Amino acid sequence: MRCGNLRLKQEFYHKDAVQAAKDLLGKIIVRKYDGKTIKVKIVDTEAYCGAEDKASHAHNNKKTKRTAPMFKVGGHAYIYLIYGMYYCLNVVTAAENNPHAVLIRGVEPLEGLNYIQENRQIKSSKIEDLTNGPGKLSQALKIDKSLDGCNLVENSSLYIIDGGTEEFEIESSPRINIDYAEDYKDKKWRFFIKNNKYVSK
DNA sequence: AGCGTGATGGTCT
DNA sequence: GACCATCACGCTA
């Protein structure tokens with residue numbers, strides 16, 4: 001059985017972002033800080049696929065201070081600030097210098113909901129509003145630049161483990177808010193678990 | 001339920 | 001100086 005809550009190994013990340021985006025659904029992100037532990041299930045992802053993908057920050061192999069983590073070997077984190085206030089968490093995949101990454105867009109709380117609520121001060125009383133979006137879940141897990149570029153295979157405060165053996169159906173759609181991506185904007189590189197309420201809006 | 005809007009700052013040209 | 005892989009809230013209905 002492969003329901004042992006084992007940390008994903010280096011090899012898991014050695015694949016293109018589209019395949020990884022599908023394979024990451026149902027996996028569990030573990031976040032530890034200040035002696036607290038939060039666990040969430042990945043339910044919504046987007047693939048950003050190498051130099052040719054016009055939607056990607058690494059389009060044309062654009063390597064800058066910000067995008068450098070995308071060029072690392074699969075299994076690292078790429079975290080960036082968006083709109084001046086929110087962080088987005090990505091899982092880098094594929095080989096070194098082949099900039100693939102999977103944006104995590106939605107997660108379902110499994111453990112440490114009290115800590116998630118403490119990190120998210122909103123009026124909505126709906127639990128799903130705590131983690132159904134890339135900026136929301138980063139805030140919920142207290143993820144910021146300090147974790148940018150960290151190694152998910154070795155790091156002890158942020159990593160990913162195998163999920164359970166439950167069955168689910170995967171749906172796909174175009175990616176969100178990439179109107180600038182021309183012929184790449186309609187590619188169905190967003191993947192999410194069908195009928196899961198923690199999928200982003 | 002859906003739309004409009006303001007918040008807010010790092011990054012790159 | 002413009003651009004963002006966003007979000008929350010308040011307003012209409």
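All values derive from a computational prediction rather than experimental measurement. Sequence lines set the chain letters: A, B, ... in the order given, protein chains first and strands last, and positions in each chain run from 1.
Crowding of K65(A) atom NZ: a count of heavy atoms from other residues, nucleotides or ligands under 6.0 Å not exceeding 12.
Listed by chain and residue number, F12(A), Q19(A), A20(A), D23(A) satisfy the side-chain contact (heavy atoms from CB on, under 4.5 Å) test with K15(A) (two or more places apart in sequence, or in another chain). Residues forming a ring pair (Phe, Tyr, Trp, His ring centres under 6.0 Å) with Y80(A) (at least two apart in sequence, or on another chain): H57(A), Y78(A).
Put simply, NE2 on H57(A) is 9 Å from P on dC4(C), counting in whole angstrom units. If you take CD of Q139(A) and C1' of dT6(C), they are 11 Å apart, rounded to a whole angstrom. Spacing between atom NZ of K201(A) and atom P of dT6(C) amounts to 15 Å, rounded to whole angstrom units. Atom P of nucleotide dT11(B) and atom CE of M70(A) are separated by 16 Å, given to the nearest angstrom. Going from atom CG of L81(A) over to atom P of dC12(B) covers 12 Å, rounded to whole Å. Following rounding to the nearest Å, L130(A) (CG) and dA8(C) (C1') show an atom-to-atom distance of 13 Å. In this entry the distance linking CD of E46(A) with C1' of dA5(C) reads 6 Å, nearest Å. Distance, Y87(A) OH to dT11(B) C1': 13 Å, rounded to whole Å.
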Enumerate all atom pairs, one protein N or O and one N or O from nucleotides 1-8 of chain B, separated by less than 3.5 Å.
from	atom 1	to	atom 2	distance (Å)
dT8(B)	O2	Y83(A)	O	2.6

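A salt bridge links K54(A) and D183(A); the closest N-O separation between the charged side-chain nitrogens and carboxylate oxygens is under 4.0 Å. Using a 4.0 Å cut-off between charged nitrogen and carboxylate oxygen, E46(A) and R175(A) do not count as a salt-bridge pair. Of the charged side-chain nitrogens involved, at least one lies within less than 4.0 Å of a carboxylate oxygen, so that K36(A) and E118(A) count as a salt-bridged pair.
Using a 4.0 Å heavy-atom criterion, one finds that D129(A) contacts no nucleic acid atom at all.
Across residues 93-106 of chain A, L103(A), R105(A) each have a non-hydrogen atom less than 4.0 Å from an atom of DNA chain C (numbered order). In the region residues 174-193 of chain A, proximity to DNA chain C at under 4.0 angstrom, judged on heavy atoms, holds for I176(A), N177(A), I178(A), Y180(A).
The aromatic ring of Y48(A) is stacked on the base of dA5(C), with the two ring centres less than 5.5 Å apart and the planes inclined by under 30°.
Here the side chain of T67(A) pairs a donor or acceptor atom with the backbone of K62(A) at under 3.5 angstrom. No donor-acceptor pair closer than 3.5 Å links the side chain of H14(A) to the backbone N or O of A94(A). Side-chain atoms of D44(A) never come within 3.5 Å of backbone atoms of V199(A) as a donor-acceptor pair (strictly under, hydrogens ignored). For D129(A) (side chain) and S124(A) (main-chain N/O), no donor-acceptor pair under 3.5 Å exists by modelled atom type.
For P134(A), the side-chain atoms get nearest to dC7(C) when compared with the rest of dA5(C), dC7(C), dC9(C). Taking the side chain of K62(A) as heavy atoms from C-beta on, and the options dC7(C), dC9(C), dT13(B), the nearest nucleotide is dT13(B).
Stem analysis of DNA chain B (Watson-Crick or G-U pairs, both distances under 3.5 Å, runs of at least three) returns B:1-7 with C:6-12, B:9-12 with C:1-4.
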inquiry  = As a quick check of understanding, evaluate salt bridge (charged side-chain N to carboxylate O under 4.0 Å, His left out) for K39(A) and E108(A), giving each step before the final call.
reply    = CA-CA 9 Å; K39(A) 292 184 183 176; E108(A) 173 179 339; over 6 Å; no

task = For the pair E171(A) and K194(A), evaluate salt bridge (charged side-chain N to carboxylate O under 4.0 Å, His left out) and give the outcome as yes or no after the intermediate values.
result = CA-CA 6 Å; E171(A) 280 201 76; K194(A) 188 174 181 177; 5.0 Å; no

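Nearest heavy-atom pair, Y86(A) versus G135(A), reported as atom, atom and distance to 0.1 Å: CB-CA, 4.0 Å. Between V43(A) and V107(A), the shortest heavy-atom distance links the atoms CG2-N, 4.0 Å.
Between K136(A) and the phosphate of dA8(C), there is a side-chain N or O to OP1/OP2 separation shorter than 4.0 Å.
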